[in-house]
Amino acid sequence: MIDRWELWLVIAGLGLGSYAMRFVFMGLVGRRPLPEWALRHLRYTAVSIFPALVTPLVVWPEATGGTLDAPRGLAALAALGIGMLTRNVFAAMAAGGGVLFVALYWF
């Protein structure tokens, strides 16, 4: 168990780190225009978050003890295929969820 003072130290450190990261963008950069190369890279930030959250749940699912299984692989492939075909995030999520539901029932 973590000691009480260590817990508060971690909470304070995380709060200061979060504040510092936000201050860099809002306080220091503020109203200055960002260079084109920075804007180009920042466009992909939101797109990269969803795969970063989902990939560990597909490759190392806790429900199977960390081993890859067919239902989650099929659901990931269905979501990827529908997402590339329709360019619609909600359609991809619905397809992946539907395939996962059906595949868990079958397997």
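Scope of the values below: all heavy atoms of this structure, side chains included, with no hydrogens, waters or symmetry mates.
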- Could you pull out all residues at least two apart from Arg22 that satisfy salt bridge (Lys or Arg N to Asp or Glu O under 4.0 Å)?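 Applying salt bridge (Lys or Arg N to Asp or Glu O under 4.0 Å) to Arg22 gives none.
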- Can you measure from CD1 (Ile49) to OH (Tyr44) and round to the nearest 0.5 angstrom?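 One gets 15.0 Å once the value is rounded to the nearest 0.5 Å.
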- Query: For the atom pair OG1 (Thr45) and CG (Leu42), what is the distance rounded to the nearest 0.5 Å?
  - Reply: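 Answer rounded to 0.5 Å: 5.0 Å.
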Sequence neighbours left out, cut at 3.5 Å: what donor-acceptor pairs do the side chains of residues 4-20 make with other protein atoms?
none

- Message: Restricting to non-hydrogen atoms, name the atom on Gly96 and the atom on Ala79 that form the minimum distance, rounded to 0.1 Å.
- Response: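 Looking at all heavy atoms of both residues, the shortest contact is CA-CB, 4.0 Å.
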- Message: Restricting to non-hydrogen atoms, name the atom on Ile82 and the atom on Ala95 that form the minimum distance, rounded to 0.1 Å.
- Response: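 Looking at all heavy atoms of both residues, the shortest contact is CG1-CB, 3.6 Å.
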- Message: Counting C-beta onward and ignoring hydrogens, is there a side-chain heavy-atom pair between Leu100 and Leu74 closer than 4.5 Å?
- Response: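 Sidechains of Leu74 and Leu100: no contact.
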- Treating Ile, Leu, Val, Met, Phe, Trp and Tyr as nodes and any side-chain heavy-atom pair under 4.5 angstrom as an edge, say whether Met93 and Val99 lie in one connected cluster.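 No, it is not one cluster - the side chains of Met93 and Val99 are not joined through contacts under 4.5 Å.
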Return all side-chain donor-acceptor pairs below 3.5 angstrom for residues 56-65, not counting sequence neighbours, or 'none' if the list is empty.
residue: Thr64; atom: OG1; partner: Pro61; partner atom: O; Å: 3.3
residue: Thr64; atom: OG1; partner: Thr67; partner atom: N; Å: 3.4
residue: Thr64; atom: OG1; partner: Thr67; partner atom: O; Å: 2.6

